[in-house]
Amino acid sequence: MSAQPAPDVPDVDETTARRIDVGLVRRLVAEQFPRWAELPVRPVEVGGWDNRTFHLGTEMTVRLPSGEGYALQVPKEQRWLPVLGGQLPLEIPTPLAHGRPGAGYPYPWSVYGWIDGRTARPERIDDPTRFATDLAAFLCALRAVDTTDAPAAGPHSAWRGGPLSTYDPETRAAIETHRDRLPVDVVTDIWQAALDATWSGPPVWFHGDVAEGNLLVRDGRLAAVIDFGCCGVGDPACDTVIAWTLLRGAARAAFLDALDVNTATWARGRGWALWKALITLDAPEPATAAWARRVLDELLAEHAVCR
């Protein structure tokens with residue numbers, strides 16, 4: 001598939017994002033849902049980038065998009081999370097209220113039920129292989145949900161679930177930018193193999209952002225999957241990225257086996273992982289840049305073994 005121009009993707013509205021704080025949340029809740037006006041509001045431990053999230057009391061969260069593109073995800077989640085929730089083996093967010101613009105805030109927003117758990121860091125996972133198979137079972141169940149009238153990949157999903165070639169110009173530019181830090185021929189081979197492994201199957205549900213921060217563990221086990229802002233129907237390859245960002249060794253192999261996808265999907269997944277790592281390699285946050293380097297090293301090591 002030939003390269004396409006980079007698409008319009010959601011971006012943060014910096015002016016609005018700076019104004020999203022506890023005071024704004026209190027005003028919005030008091031204006032629109034006065035029954036909750038007396039509940040305390042505080043930021044969550046990991047607040048996110050696409051959306052800012054706050055505790056509302058002890059049993060709810062408030063989630064506010066940080067830009068116009070992310071606001072497209074609010075009605076989607078409100079419409080489809082109740083449908084998906086009853087068909088999946090792990091907890092997912094439950095919408096409790098649909099907020100509207102107000103108090104100087106320009107976008108729709110949501111109130112969800114709170115899901116107890118901590119983000120899936122390696123040290124919090126008791127059995128990585130079981131974690132991997134539990135996650136694969138969740139994604140298989142998600143792919144099996146009926147797609148009638150469901151949202152196709154597009155700007156609302158940052159084109160997750162769409163053709164990987166959408167990001168070809170950006171990826172090749174990143175390879176060129178970092179050519180002094182990369183084995184360019186090998187990285188280009190991984191990317192080209194991903195582009196060549198085109199997807200032609202029927203559209204299925206995908207989550208779109210299966211990342212450590214969106215997987216919650218309790219008592220050492222995977223308990224919930226959150227943040228369905230990038231979900232939709234299309235190519236599920238984007239949901240395999242976790243194989244290189246979190247899973248290692250036997251856990252990665254178990255994930256591959258249990259996920260039951262073909263080698264072309266696996267190759268496209270490598271492409272999604274490579275794209276994300278390349279565009280964050282120069283991130284100003286040291287932790288993000290280190291994460292990107294680790295993912296690149298995992299992809300390169302796997303490529304060397306598979307040759």
Please test V25 against D21 for side chain to side chain contact (heavy atoms under 4.5 Å, CB included), starting from the C-alpha separation and ending with a verdict. CA-CA 6 Å; V25 175; D21 58 15; over 6 Å; no

Report yes if the side chains of Y167 and W272 come closer than 4.5 Å at any heavy-atom pair, otherwise no. yes

Validation row, ring centre W191 to ring centre W275 under 6.0 Å: no

Salt-bridge test for D149 and R79: reply yes if a basic N is under 4.0 Å from a carboxylate O, no otherwise. no

Rounded to the nearest 0.5 Å, what separation is found between the OG atom of S157 and the CG atom of D209? 11.0 Å

With no hydrogens and no angle check, just 3.5 Å: does a side-chain donor-acceptor pair link T119 and R124? yes

Heavy-atom count check: over 12 atoms from other residues, nucleotides or ligands less than 6.0 Å from Q192 CD? yes

Is any side-chain heavy atom of D50 closer than 4.5 Å to a side-chain heavy atom of P65? no

Beyond-backbone contact of R270 with H303, side-chain heavy atoms, under 4.5 angstrom: no

Do T16 and Y107 have side chains that approach each other closer than 4.5 Å (heavy atoms only, starting at C-beta)? yes

Enter the distance from L135:CG to L222:CG here, rounded to the nearest 0.5 Å. 6.0 Å

Lys/Arg-Asp/Glu bridge criterion (N-O < 4.0 Å) met for D134, R221: yes

Minimum heavy-atom distance between I125 and A120, given as atom pair plus value: CD1-O, 4.1 Å

Charged N to carboxylate O under 4.0 angstrom, D227 versus R63? yes

Go through the steps to decide whether T53 and V62 satisfy the test side chain to side chain contact (heavy atoms under 4.5 Å, CB included), and finish with yes or no. CA-CA 6 Å; T53 305; V62 174; over 6 Å; no

Using distance alone, with no hydrogens and no angle criterion, decide if R268 and T265 have a side-chain donor and acceptor under 3.5 Å apart. yes

Given the rule that I, L, V, M, F, W and Y join up when any side-chain heavy atoms are under 4.5 Å apart, are L56 and L216 in one cluster? no

Which class fits the ring pair W114 and H55: parallel under 30°, tilted 30 to 60°, perpendicular over 60°? tilted

What's the spacing between T288 OG1 and K276 NZ if we round to 0.5 Å? 9.0 Å

Given side chains that start at C-beta, do those of R26 and V22 come closer than 4.5 Å, heavy atoms only? yes

Begin with the C-alpha distance, continue with both residues' side-chain angles, and end with the deciding distance and a verdict on side chain to side chain contact (heavy atoms under 4.5 Å, CB included) for F54 and R52. CA-CA 7 Å; F54 298 80; R52 305 294 191 265; 3.9 Å; yes

In short, F255 meets A243 closest at the heavy-atom pair CD2-CB, 4.0 Å

When rounded to the nearest 0.5 angstrom, what distance separates CZ in R252 from CD in E298? 4.5 Å

What I'd like to find out is whether the side chain of L64 reaches to under 4.5 Å of the side chain of Y105, using heavy atoms alone. yes

Testing W80, F138, F228 one by one against W205 for a ring pair (Phe, Tyr, Trp, His ring centres under 6.0 Å), which residue passes? W80

Distance check, rounded to the nearest 0.5 Å: R18 atom CZ versus S66 atom OG? 12.0 Å

Let me check something: any side-chain donor-acceptor pairs from residues 82-94 under 3.5 Å, sequence neighbours excluded? List them with distances.
from: Q87; atom 1: NE2; to: V83; atom 2: O; distance (Å): 3.1
from: E91; atom 1: OE2; to: R218; atom 2: NH1; distance (Å): 3.1
from: E91; atom 1: OE2; to: R218; atom 2: NH2; distance (Å): 2.9

Passes side chain to side chain donor-acceptor pair (under 3.5 Å), R294 versus T245? Steps please. CA-CA 8 Å; R294 286 195 302 271; T245 60; over 6 Å; no

Between K76 (side chain only) and P151 (backbone N and O only), is there a donor and an acceptor less than 3.5 Å apart? no

How about W266 and W244: are their ring centroids closer than 6.0 Å? yes

Is a donor on one side and an acceptor on the other found under 3.5 Å between the side chain of T166 and the backbone of P163? yes

NE2-SG distance between H156 and C230, expressed to the nearest 0.5 angstrom: 9.0 Å

Common cluster, I226/V217, ILVMFWY with side-chain heavy-atom separation under 4.5 Å: no

Grab the two heavy atoms, one from P108 and one from V74, that are nearest each other, plus how far apart they are. O-CG2, 3.6 Å

For L259, does its backbone N or O pair with a side-chain atom of R143 as donor and acceptor, under 3.5 Å? yes

Less than 4.5 Å apart, side chain to side chain, heavy atoms only: is that true for L278 and T177? no

Closest approach of L142 and H207, non-hydrogen atoms and distance? CD2-N, 3.5 Å

Do you know which two heavy atoms are closest between R172 and D168, and how far apart they sit? NE-OD1, 2.7 Å

Donor-acceptor pair, side chain of E59 and main chain of I115, under 3.5 angstrom: no

Which heavy atom of Y112 sits nearest a heavy atom of L96, and at what distance? C-CD1, 3.8 Å

More than 12 heavy atoms of other residues, nucleotides or ligands under 6.0 Å from CG of N262: yes or no? yes

Can you confirm whether or not the ring centre of W109 sits under 6.0 Å from the ring centre of F33? yes

May I ask whether V204 and L81 are part of the same hydrophobic cluster, defined by side-chain heavy atoms of I, L, V, M, F, W, Y residues being less than 4.5 angstrom apart, directly or through others? no

Are L139 and F206 packed together at the side-chain level, in the sense that at least one heavy-atom pair is separated by less than 4.5 angstrom? no

Identify, with sequence neighbours excluded, every residue that meets side-chain hydrogen bond (donor to acceptor under 3.5 Å, both in side chains) alongside Q32. none

Apply side chain to side chain contact (heavy atoms under 4.5 Å, CB included) to T133 and D257, showing your working. CA-CA 9 Å; T133 55; D257 289 342; over 6 Å; no

